[in-house]
Amino acid sequence: MLNRQNFAEEEHQPILNLPPVVVMCLAVLFGIHIGRVFLLSPDADFDLVLRFAFIPLRVIEPEAIGTAVPGGFGAAVWSFVTYAFLHADWTHVIFNGLWLAAFGAPLAWRFGTSRFLLFSLLGAVAGALLHFLVNMHDIQPMIGASAAISAQMAGASRFVFSAGGPLAGTRSPATFSRPAAPLSVIMRDRNVLMFLGVWFGLNILFGLIGMGMGSGAQAIAWEAHIGGFLAGLLAFSLFDPVPRA
């Protein structure tokens, strides 16, 4: 059930106020990165990354990795989620933090804490799954919250651009509770199409020329971005607590 307490506050509440769950997610992502940078030795940090990063080959051929990579069979399961909590460098985590604040906030105001976290979890798993399907025999670790945040971007695009939405109507918290149009209608909205075109175009470009956030073996793959985004776009209605118009 939609918690309308969030929308009962005064209409002049700033739209950039972050929901508590988004603040918590930012604190977790930055806290983990700070701990890795200042508390762990390079060897211990490398061990941590290998233990929790998503490595496609570990899923289908754990014996090919053997004892050289820590984590064992359990890592082949939990890494579908845990990779999203690690980042390659400060640029990577700051960039993702900005997108999380921008697109995660409206989605969290609308969904509430539990739905928002489950939706983000789905995006992370979907991103890892698409990356796995494209790179099954890759031993290169993948990390970063970009797939989960891509799902948040897609979910937010289902309502923020619509008439009366946060980006098109009155800038007040109540706009987050307006009914979302069906996907068939959304896909005919010019603003949404422009957003989708730019987003997919950039990710395809990154894939073709090899760009990515982070460096070396720890750069997140563009396939994960697209997997998370598609999951968020298609699964939005399953999570949305606001009744259809």
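If you're wondering where the values come from, they're calculated on a predicted model, not measured in any experiment.
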How long is the span from the [atom1] atom in [X] to the [atom2] atom in [Y], to the nearest 0.5 Å?
X	Y	atom1	atom2	value
Leu107	Ile149	CG	CD1	12.0 Å
His87	Asp89	NE2	CG	9.5 Å
Ile55	His131	CD1	NE2	9.5 Å
Asp43	Asp47	CG	CG	9.0 Å

Say whether, by atom type as modelled, one donor and one acceptor occur between the side chain of [X] and the main chain of [Y] under 3.5 angstrom.
X	Y	value
Arg36	Val49	no
Tyr83	Ala124	yes
Trp78	Arg51	yes

Hydrophobic cluster identity match, [X] and [Y], side-chain contacts under 4.5 Å:
X	Y	result
Met24	Val22	yes
Leu39	Leu86	no
Val185	Leu193	no
Phe73	Leu50	no
Phe38	Leu26	yes

Side-chain heavy atoms of [X] within contact of [Y], under 4.5 Å:
X	Y	result
Asp45	Val37	no
Ile60	His137	yes
Phe239	Leu122	yes
Leu118	Phe111	no
Val242	Arg178	no
Cys25	Leu117	yes
Phe116	Gln152	yes
Thr82	Phe54	no

Under the criterion side chain to side chain contact (heavy atoms under 4.5 Å, CB included), which of Met142, Gln140, Met136 is the partner of Asp138?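 With Asp138 as partner, side chain to side chain contact (heavy atoms under 4.5 Å, CB included) holds for just one option, Gln140.
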
Considering non-hydrogen atoms only, spot the tightest contact between [X] and [Y] and give its length.
X	Y	value
Phe236	Ala180	CE2-CB, 3.7 Å
Ala156	Pro106	CB-CG, 4.4 Å
Val59	Ala76	CG2-O, 3.9 Å
Val93	Phe30	O-CZ, 3.7 Å
Phe229	Ala154	O-CB, 3.2 Å
Ala145	Ala84	CB-O, 3.3 Å

Fit a plane to each ring of His33 and Trp90, take the angle between them on a 0 to 90° scale, and name the class: parallel (under 30°), tilted (30 to 60°) or perpendicular (over 60°).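 Correct class here is perpendicular.
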
Enumerate the salt bridge (Lys or Arg N to Asp or Glu O under 4.0 Å) contacts for residues 231-243, please, sequence neighbours excluded, ordered by first and then second residue.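 Listed once each, the pairs are Arg110-Asp240.
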
Would Met153 and Trp99 satisfy side-chain contact (heavy atoms from CB on, under 4.5 Å), going step by step from the backbone distance to the final call? CA-CA 8 Å; Met153 290 181 177; Trp99 287 118; 3.4 Å; yes

Given side-chain contact (heavy atoms from CB on, under 4.5 Å), test Ser157 with Leu233 step by step and report yes or no. CA-CA 8 Å; Ser157 72; Leu233 194 66; 4.0 Å; yes

Less than 6.0 angstrom separating the ring centers of Phe85 and Phe52, yes or no?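 Phe85 vs Phe52: aromatic centres not under 6.0 Å.
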
Phe103 and Phe195: aromatic ring centres closer than 6.0 Å?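 Ring centres of Phe195 and Phe103 closer than 6.0 Å.
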
After noting the C-alpha distance and the side-chain angles of Leu29 and Asn96, does the key distance pass the side-chain contact (heavy atoms from CB on, under 4.5 Å) rule? CA-CA 9 Å; Leu29 295 182; Asn96 275 343; 5.5 Å; no

Run the numbers on Leu40 and Phe46 for side-chain contact (heavy atoms from CB on, under 4.5 Å), then give the verdict. CA-CA 9 Å; Leu40 297 182; Phe46 186 64; over 6 Å; no

Which residues pass the side-chain hydrogen bond (donor to acceptor under 3.5 Å, both in side chains) test with Ser79, not counting sequence neighbours?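 side-chain hydrogen bond (donor to acceptor under 3.5 Å, both in side chains) check on Ser79 returns nothing, list empty.
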
